[in-house]
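Each remark here refers to the structure printed beneath this line.
Just so you know, these numbers use all the heavy atoms, side chains as well, and skip hydrogens, waters and symmetry mates.
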Amino acid sequence: MALMRVRVATWNINSLRLRLPLLEKVLAELDPDVLCLQETKVPDPLFPADLFPGRAAEHHGYAHVAYRGMKGYNGVAILSRIPFTVDEAAPDWCAKGDCRHMAVSLAVPSGPVALHNFYVPAGGDEPDPAINPKFAHKLAFVEEATAYFAAQSPFTRTVLVGDLNIAPLEHDVWSHKQLLNVVSHTPPETTRMRQWLETGFVDAIRHFVPSDRKHYTWWSYRNRDWRASDRGRRLDHVWVSPDLVSSLQGHTTLKEARDWERTSDHVPVSVTLSL
DNA sequence: ATGGTTGAGGATCAA
């Protein structure tokens, strides 16, 4: 059977409704077959009926759409050209019902592919679980996810994407030393993330970008000039099961999106596979 | 050490 190009993109959009015009721009730039979004910040009843006003029917080619949102915070969505079924049995992490994850099975002709879209808790400011419940939640969330995938291991034909809110490697942050006690890069987080990865994933972005090269996907709004200060972090990730490594074709981190008007503080990331 | 900005929603809270 002929293989199919499957390009999966992930973007923390930081309000879907506010950035609908940029959504179309991301699709034009990356041409993904599947786009996973985080921080949609839209309750399900208010999810836009027409994602691309004035464009072609059926969502501008992305006929398959699923979403899980809530008021004010969090929320994930998946737009796809490839049909999928939603995994309704996926866990409700930390039993909070807080719309931080969706799993689907993509109907790729060569066989189904499991796709996980995660929005891991940011964890607040204080990196001490004893005094900061948000940090405790973050650690517990990652531990639950680790246990979930460990129980399935070894798994195949699986792609995991999302805003994982952890920059695991030295060169995933602008200053390893200065961020060691800053939430997103602390040893309790990076250690747990490594354990999660090692349940059976390969870091697909670092497959393409050498680990000794600085690489970021997020720059704070709180910098006068994000590009000049370049105090970025790699918080957004694409992982694949080892059987898919030989299918990896390329990747794009759309850094230019950080310069768009009224954009997200995260930029889109895509990985292309031949499946 | 501190402050810096953005979004949701309508006061702060989350990031």
Side-chain angles (χ1 to χ4, degrees), chain A residues 10-23 25-26 36-48 51 67-77 93-94 96-101 117-129 131-142 145 161-168 172-175 177-186 188-190 192-193 216-237 254-269:
Chain A
T10 177
W11 189 31
N12 179 321
I13 192 170
N14 189 12
S15 174
L16 172 72
R17 286 174 290 177
L18 189 66
R19 290 186 232 289
L20 269 187
L22 297 188
L23 184 59
K25 240 177 130 152
V26 167
C36 295
L37 300 170
Q38 305 88 34
E39 281 206 89
T40 54
K41 296 183 176 178
V42 56
D44 289 348
L46 297 181
F47 194 91
L51 288 169
Y67 44 84
R68 185 162 289 158
M70 60 190 285
K71 184 176 176 177
Y73 313 105
N74 308 337
V76 290
W93 309 97
C94 301
K96 286 184 178 287
D98 58 359
C99 305
R100 293 179 176 277
H101 172 249
N117 179 15
F118 273 100
Y119 174 53
V120 171
D125 288 331
E126 181 57 56
D128 181 352
I131 61 174
N132 174 8
K134 286 188 259 186
F135 193 67
H137 176 212
K138 183 178 197 175
L139 298 183
F141 189 105
V142 173
V161 308
D163 175 6
L164 305 186
N165 266 317
I166 299 173
D172 291 338
V173 294
W174 62 277
S175 170
K177 279 187 182 172
Q178 286 179 255
L179 289 173
L180 267 175
N181 202 35
V182 172
V183 171
S184 73
H185 193 61
T186 68
E189 295 167 88
T190 57
R192 281 169 179 77
M193 177 173 249
Y216 315 134
T217 64
W218 172 91
W219 292 262
S220 172
Y221 284 128
R222 304 179 193 182
N223 281 314
R224 192 162 284 106
D225 184 334
W226 71 274
R227 194 184 285 275
S229 55
D230 200 24
R231 296 186 166 190
R233 306 178 200 171
R234 190 169 72 103
L235 304 179
D236 303 274
H237 297 271
L254 198 64
K255 190 173 175 180
E256 68 199 66
R258 189 61 182 77
D259 269 331
W260 293 348
E261 195 137 344
R262 298 261 285 171
T263 196
S264 171
D265 44 356
H266 295 254
V267 298
V269 175

Notebook entry, point to check: Are D236(A) and W11(A) close enough that a side-chain donor and a side-chain acceptor fall under 3.5 Å?
Noted result: no
Next item on the list: For R231(A), answer base if it contacts any base atom (sugar-phosphate contacts may also be present), sugar-phosphate if it contacts only those atoms, and nothing otherwise; contact means non-hydrogen atoms under 4.0 Å.
Entry: nothing
Margin query: Please give the distance between the P atoms of dA8(B) and dG4(B) as a whole number of Å.
Written below: 22 Å
Check: Taking for each residue the nucleotide of DNA chain B bearing the nearest heavy atom, is the 5' side occupied by N74(A) or by K71(A)?
Finding: K71(A)
Next item on the list: May I have the step-by-step check of side chain to side chain donor-acceptor pair (under 3.5 Å) for W93(A) and D98(A), ending in yes or no?
Entry: CA-CA 8 Å; W93(A) 309 97; D98(A) 58 359; over 6 Å; no
Notebook entry, point to check: With rounding to whole Å, what would you report as the distance between dG7(B) and dA11(B) at their C1' atoms?
Noted result: 14 Å
Check: If you measure from the P atom in dG10(B) to the same atom in dA14(B), how many Å do you get, rounded?
Finding: 15 Å
Check: How far, in whole Å, is dA15(B) from dG9(B) if one measures between their C1' atoms?
Finding: 16 Å
Notebook entry, point to check: How would you label the contact of R100(A) with the nucleic acid (heavy atoms, under 4.0 Å): base, sugar-phosphate, or nothing?
Noted result: sugar-phosphate
Item checked: Cation-pi, W174(A) ring and R231(A) (6.0 angstrom, 45 degrees) -> yes
Checklist line | Which residues share a side-chain hydrogen bond (donor to acceptor under 3.5 Å, both in side chains) with S175(A), sequence neighbours left out | finding: Q178(A)
Item checked: Bounds of contact between DNA chain B and chain A, in 5' to 3' order, using a heavy-atom cut-off under 4.0 Å -> dG4(B) to dA15(B)
Note to self: Mind checking if R262(A) touches a base, just sugar-phosphate, or nothing, with heavy atoms under 4.0 Å?
What the structure shows: sugar-phosphate
Ignoring hydrogens and angles, write down the donor-acceptor pairs under 3.5 Å from the side chains of residues 133-141 of chain A, residues two or more places apart or on other chains.
| unit_1 | atom_1 | unit_2 | atom_2 | d |
| --- | --- | --- | --- | --- |
| K138(A) | NZ | A122(A) | O | 3.0 |
| K138(A) | NZ | N165(A) | O | 2.7 |
| K138(A) | NZ | E189(A) | OE1 | 2.6 |

Note to self: Go nucleotide by nucleotide along DNA chain B from the 5' end; which of K41(A) and D265(A) gets its closest nucleotide reached first?
What the structure shows: K41(A)
Check: For L37(A), does its backbone N or O pair with a side-chain atom of N117(A) as donor and acceptor, under 3.5 Å?
Finding: yes
